Amino acid sequence: MKDELNKIFGDSLEPRLIEEIHKVGIYKRIAAGTKIIEIGSLVRGVPLVLTGAIKVMREDNDGNELLLYYLEDGQACSMSISGCFKTSKSAVRAIAERDTELIIIPIDKIVNWNITYKSWSDFIFNSYDARFNELLQAIDNIAFNNMDQRLVEYLKDKARINNSLFIEQTHKAIAYDLNSSRVVISRLLKKLENEGAIELQRNFIKIINLDFEK
DNA sequence: ACATTAATTGTGT
DNA sequence: ACACAATTAATGT
């Protein structure tokens, strides 16, 4: 456990702080597909991702979902950070994309450590910055890219996150993540298959080559 | 092994 | 976007 912390955060956090994280952090193991936090629910701490990946998404008034970004190992959720400083309700939903190990830092420590540990405030600031940039990327993607490009990005992300060229996902589920319709996704996927970029089978997609530039 | 059903995917309008 | 066809997987008999 402590070795794991050192391996993942050893470069960015000072030893004394790691010691303390080890002491007060609550270790959790979460199975893929499990909901971690719901929109509107109370933020009770800042989760640090040790291994695995978490999918963060937003929902509109009609219940349409939209994938924002993934949290990977060594990262912290900025939503929960802001939750500790200001409002305590989550504006996003988070679901474990893979089996995930994380450690939750209790809410009262966050602010304290900011004063006590330089490396902690750096870490928090960097996390915030990284998440912000990911959000900008997501916005660019939605605003300026067509659905076919968004789909390619989605497949690439998915492959990277899961470390596999095989994506187990129905067209319907993809459409949900991209806030599109199943038919559109099916057609675009078919087109990609015809272009030789992917291979389609029921319930999963095999990626051949998505790195073509148009 | 076969029939039935449900879910997923494909296609035309 | 909608409707329907085709295909595949799951389940019961």
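Any value given below was found using the heavy atoms of this structure, including those in side chains, with hydrogens, waters and symmetry copies removed. Here the structure is a predicted model, which means the values were calculated and not measured. Each chain gets a letter, A, B and so on, in the order the sequences are listed, and its residues count up from 1.
Partners of A:E72 according to the salt bridge (Lys or Arg N to Asp or Glu O under 4.0 Å) rule, which considers only residues two or more places apart in sequence or in another chain, are A:R160. Partners of A:K190 according to the salt bridge (Lys or Arg N to Asp or Glu O under 4.0 Å) rule, which considers only residues two or more places apart in sequence or in another chain, are A:E193. A:N141 meets the side-chain hydrogen bond (donor to acceptor under 3.5 Å, both in side chains) test with A:N145; sequence neighbours excluded. Contacts of A:K35 classified as salt bridge (Lys or Arg N to Asp or Glu O under 4.0 Å), with partners at least two apart in sequence or in another chain: A:E38.
For the salt bridge (Lys or Arg N to Asp or Glu O under 4.0 Å) condition, the pairs that include at least one residue of residues 166-188 of chain A, sequence neighbours left out, are A:K55-A:D177. Among residues at least two apart or in separate chains, salt bridge (Lys or Arg N to Asp or Glu O under 4.0 Å) pairs with a member in residues 102-119 of chain A are A:K118-A:D122.
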Given protein heavy atoms under 4.0 Å, the one-letter contact record of nucleotides 4-12 of chain C, with B base, S sugar-phosphate only and - none, is simply ----BS---

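Contact footprint of chain A on DNA chain B: nucleotides with an atom under 4.0 Å from a non-hydrogen protein atom, first to last in 5' to 3' order, B:dA7 to B:dG12.
In this structure, A:I142 shares a hydrophobic cluster with A:L66, the cluster being traced through Ile, Leu, Val, Met, Phe, Trp and Tyr side chains under 4.5 angstrom apart.
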